[in-house]
Number of protein chains: 2
Amino acid sequence: MDRRVARTRSALHAALIELMLTRGYDGTTVEEICRVAKVGRSTFYTHYADKDALKRDGLASIGRSLRQSRHETVRDDALGFVLPMLRHAREHVDHYRALAGGHGGSMALASIREILAGIVRQEMRSSRRRTVSADVAVNYLVGAFMAVLTWWLDRGAIESPEQMADAFRDLSAGYAAMHRPTRN
Amino acid sequence: MDRRVARTRSALHAALIELMLTRGYDGTTVEEICRVAKVGRSTFYTHYADKDALKRDGLASIGRSLRQSRHETVRDDALGFVLPMLRHAREHVDHYRALAGGHGGSMALASIREILAGIVRQEMRSSRRRTVSADVAVNYLVGAFMAVLTWWLDRGAIESPEQMADAFRDLSAGYAAMHRPTRN
DNA sequence: TCCTTTGTTGGACAGTCTGTCCAGGAACTG
DNA sequence: CAGTTCCTGGACAGACTGTCCAACAAAGGA
């Protein structure tokens with residue numbers, strides 16, 4: 001690939017990441033991206049159809065990187081994805097924070113989640129059957145993981161990936177069990 | 001409150017919901033909202049500073065409604081929020097699907113989640129300590145719940161709230177345990 | 001009912017961002 | 001060095017935003 005192309009594209013990616021961390025995705029304009037990347041606006045459009053195409057390309061790139069780094073550390077149990085993913089996230093903190101971060105724009109879910117968080121917090125000061133499809137289980141687990149990941153990253157990824165993995169495994173092993181000792 | 005005000009505002013809310021379900025939040029313009037709501041564009045701006053203000057107002061309204069309907073069915077255990085919330089969601093499917101739905105715009109998370117979902121699915125075909133802060137636990141649970149909720153709504157909320165609540169409780173009681181019987 | 005208050009409306013406005021196009025100049029490749 | 005490919009600024013129409021105003025309509029109390 002032509003050096004100029006490589007330079008331009010990586011500059012654009014870096015600029016998008018940087019701006020997403022401050023203004024959020026929606027608040028970022030193509031003009032700003034080009035200004036930060038020191039690239040002509042015309043040039044932007046010769047590479048990407050629009051802002052979204054740039055983002056999608058970045059995500060695809062992260063996806064490849066993740067899949068590959070995962071391929072190296074194969075573990076064949078459920079939850080095996082946890083540690084590799086956490087490590088990968090820490091290696092690419094900025095990318096992850098920009099793309100998955102709770103900050104700006106990404107999640108309109110934020111406010112509903114906050115309401116819920118209040119409720120759950122309150123209820124945690126006190127507390128079986130089997131009708132589950134695999135689909136629900138997957139969504140449950142992914143949702144839980146993404147939430148924990150986001151939480152971790154937004155606070156600066158202070159804990160080690162290993163600590164977080166352990167925490168996540170504990171939680172997955174039984175949420176209710178974790179909190180019975182507290183009181184009831 | 002003046003009848004005209006009430007009429008205008010609820011028309012705007014309804015229009016936003018309707019448009020979010022089709023074009024997504026970001027793809028919806030103030031002009032469209034006004035067209036659908038049969039309201040002058042000038043009028044829009046006498047009520048809300050911008051599109052976001054309208055959305056926030058809608059969310060606040062849902063929040064109030066949820067808190068209230070919750071106040072009626074008090075259960076003092078962890079996970080007590082599950083059933084009331086699911087019922088509330090079903091009563092206001094459109095609102096929830098528009099605001100929390102996976103469809104358009106809301107979650108840039110979508111693609112990362114898909115990558116992860118693939119991985120988890122693959123690993124589910126096969127596999128204790130305690131270092132968890134309460135914060136992580138809350139985020140874990142909320143994330144899991146929101147994910148299940150979104151999944152449920154996006155598929156049309158076919159299952160009953162009770163079924164979903166049971167499923168969620170089972171999962172929370174121990175994800176790993178749920179899937180050991182499958183093979184290993 | 002009448003009158004005052006309050007809402008609604010279309011139109012006009014400047015400003016921002018988008019996506020497209022082009023022609024001149026720069027950088028790469030062989 | 002030559003030919004190809006890329007970068008660039010500038011110009012363009014089009015869409016959307018947020019603000020303002022003057023005319024009109026509806027509400028609700030006296």
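For clarity, every value in this text was computed on a predicted model and none was experimentally measured. Just so we're on the same page: letters track the sequence lines, and every chain starts at 1.
- Remark: the Arg41(A) side chain and the dG19(C) base include a donor-acceptor N/O pair separated by less than 3.5 Å.
- Rounding to the nearest 0.5 Å places CE of Met164(A) at 10.5 Å from CD1 of Ile158(A).
- The shortest distance between the side-chain N/O atoms of Thr43(B) and the OP1/OP2 oxygens of dG7(C) is not below 4.0 Å.
- Rounded to whole Å, atom P of dT18(C) lies 11 Å from atom CG of Asp26(A).
- Between atom CZ of residue Arg7(B) and atom CZ of residue Arg4(B) there is a gap of 11.0 Å, rounded to the nearest 0.5 Å.
- When heavy atoms are screened at a 4.0 angstrom cut-off, Arg4(A) is found touching base atoms of the nucleic acid.
- The nucleotide range of DNA chain D contacted by chain B, defined by atoms under 4.0 angstrom from heavy atoms of the protein and reported 5' to 3', is dC16(D) to dG28(D).
- Using a 30° and 60° split on the angle between ring planes, Tyr48(A) and Phe44(A) fall in the tilted class, from 30° to 60°.
- For the pairing with Phe145(A), the side-chain contact (heavy atoms from CB on, under 4.5 Å) check across Thr150(A), Val82(A), Leu171(A), Leu79(A) returns one residue only, Val82(A).
- Using cut-offs of 30° and 60° on the angle between ring planes, the pair His95(A) and His92(A) is perpendicular.
- Both Val93(B) and Ile62(B) belong to a single network of hydrophobic side chains, linked directly or stepwise wherever heavy atoms of I, L, V, M, F, W or Y lie under 4.5 Å apart.
- Residue whose closest nucleotide on DNA chain D sits further toward the 5' end, between Arg3(B) and Glu31(B): Glu31(B).
- Atom CG of Asp2(A) is separated from atom P of dA26(C) by 17 Å (rounded to the nearest Å).
- Taking atom OH on Tyr48(B) and atom C1' on dT8(C), their separation rounds to 15 Å, with Å as the unit.
- The residue Thr29(A) sits close only to the backbone: its heavy atoms come under 4.0 Å of sugar-phosphate atoms, none of a base.
- For dT9(C), neither phosphate oxygen OP1 nor OP2 lies less than 4.0 angstrom from any side-chain nitrogen or oxygen of Ser42(B).
- Residue Arg7(A) places no side-chain N or O under 4.0 Å from the OP1 or OP2 atom of dA27(C).
- For the pair Phe44(B) CZ and dG7(C) P, the interatomic distance rounds to 17 Å; values are reported in whole Å.
- Going from atom CG of Leu54(A) over to atom CG of Leu59(A) covers 10.5 Å, rounded to the nearest 0.5 Å.
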